[in-house]
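I have placed the structure first, in the form of structure tokens, so that the comments after it can refer back to it.
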Amino acid sequence: MPSPSHKPYRGRFAPTPSGPLHFGSLVAAVGSYLDARARNGQWLLRVEDIDPPRELKGAADDILRTLEAHGFEWDEEVVYQSRRNAAYADALARLDVAGLTYGCACTRKEIADSATRGIEGLVYPGTCRNGLATGRTPRAWRIRVPDGSIQFDDRIQGPVSQQLGSEIGDFILKRADGLYSYQLAVVVDDADAGITDIVRGADLKLSTPRQIYLQHCLGVPTPSYAHLPLALNRQGDKLSKQNLAKPLDAARAAASLADALRFLGMQPPLDANLADLPSLWQWAIANWDIRQVPTGDTASKPDYDDATQARAI
Ligand code: GLU
């Protein structure tokens, strides 16, 4: 099936180097890779090292090595967000010329004292929207968001609709510490890379309307979106670098890949030689069907021990 834009498929995986890859990130990598390869598409890699305070030294290289050990093959050179400030500055300048941005002088505390709660944190109350009070200097740059809803049709989750104005509010493009925001960077990078199809974790589903709005403002195409359920651990918490999810072990790459395939609704044959990564990938690419992926924002991670036992039978 051609991508909605009828352009050749270009997908991507965009890890933040805040720690080693874990099962949850493997699921996102596998889902985006299979969707691209099953449609004879390209699959690009972008290291989202835009936020140095959140990064762990050495994590970017470690992520690339782990992906390699799991049999991923990416097209083109890896893009590093830390080297793309000029592109983000240019996009911000274009939005500014279009009258869509404004400087915001509010401190975190001022916002906390006056904002209402939205679906993802506080909704900026618009204090600086019509100009700064005298004597105040801008700390951050925000974009004005319109009233009305932004909608998209998620290939896994179905129709999604969000009222940007009341549920999110005018959001930040450049932070008080001088760093560009994830929302701006991701839109600029996906557009510059010609990404047609985004497959990623459902933790970013609520970000998508902000990104679609930015695409409209910048006059770039909107890719198609598919948000994969997030893996939960036995305690029902999301696997994340913050809660120290176990790093992937390159020595059991094939078993982890098989677990990720099962998580995505596939049934790799038990008689497959699971130590043989290339055959497992070949099987997965030939059998990928996004309609088998469980819908919903979360799903339980398969139990490693059960999976190992099942294979031994
Ligand atoms: N860097 C983000 C993460 O690691 C993913 C961004 C995206 O796929 O748009 O969660």
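Counting convention: from 1, in listed order, for ligands and their atoms alike.
- Note on ligand 1: Gln211 sits outside its first shell, no heavy atom being nearer than 4.0 Å.
- Any N or O atom pair closer than 3.5 Å counts here, and Glu48 shares at least one such pair with ligand 1.
- Comment: Asp189 does not engage Arg12 in a salt bridge, judged by the lack of any side-chain N to carboxylate O separation of less than 4.0 angstrom.
- Counting heavy atoms closer than 4.0 Å to ligand 1, residue Leu204 contributes side-chain atoms (C-beta onward) but none from N, CA, C or O.
- Between Arg10 and Glu76 a salt bridge is recorded (basic side-chain N to carboxylate O distance below 4.0 Å).
- Criterion: ILVMFWY side-chain heavy atoms under 4.5 Å apart, direct or through other members. Under it, Tyr33 and Leu21 are part of a common hydrophobic cluster.
- For ligand 1, the polar-atom distance check against Asp203 finds no nitrogen or oxygen pair separated by under 3.5 Å.
- Looking at ligand 1, you won't find any N or O of Pro15 less than 3.5 Å from one of its N or O atoms.
- Judged by distance alone, with hydrogens and angles left aside, the side-chain atoms of Gln157 form a donor-acceptor pair with the main-chain N or O of Gly296 at under 3.5 Å.
- Contact annotation for Thr16 and ligand 1: heavy atoms of both the backbone and the side chain come within less than 4.0 Å of the ligand.
- Contact annotation for Tyr182 and ligand 1: only side-chain heavy atoms (C-beta onward) come within less than 4.0 Å of the ligand.
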- [ ] Begin with the C-alpha distance, continue with both residues' side-chain angles, and end with the deciding distance and a verdict on side chain to side chain contact (heavy atoms under 4.5 Å, CB included) for Arg117 and Leu122.
- [x] CA-CA 4 Å; Arg117 191 152 287 285; Leu122 300 174; 3.8 Å; yes
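- For Asp170 (side chain) and Val145 (main-chain N/O), a donor-acceptor pair under 3.5 Å exists by modelled atom type.
- Within a 6.0 Å sphere centred on CG of Asp147, heavy atoms belonging to other residues, nucleotides or ligands number 12 at most.
- Residue Arg200 approaches ligand 1 through these ligand atoms, each under 4.0 Å from one of its heavy atoms: 7 (C), 8 (O), 9 (O).
- Which parts of ligand 1 touch Arg12 is read off a 4.0 Å heavy-atom cut-off, strictly below it: atoms 7 (C), 8 (O), 9 (O).
- Interface atoms of ligand 1 facing Val186, defined by a heavy-atom separation under 4.0 Å, are 9 (O).
- Close contacts of ligand 1 with Ala14, meaning ligand atoms under 4.0 Å from a residue heavy atom, involve 1 (N), 2 (C), 3 (C), 4 (O), 5 (C), 6 (C).
- Checked by atom type and distance alone, the side chain of Asp197 never pairs as donor or acceptor with a backbone atom of Ser224 at under 3.5 Å.
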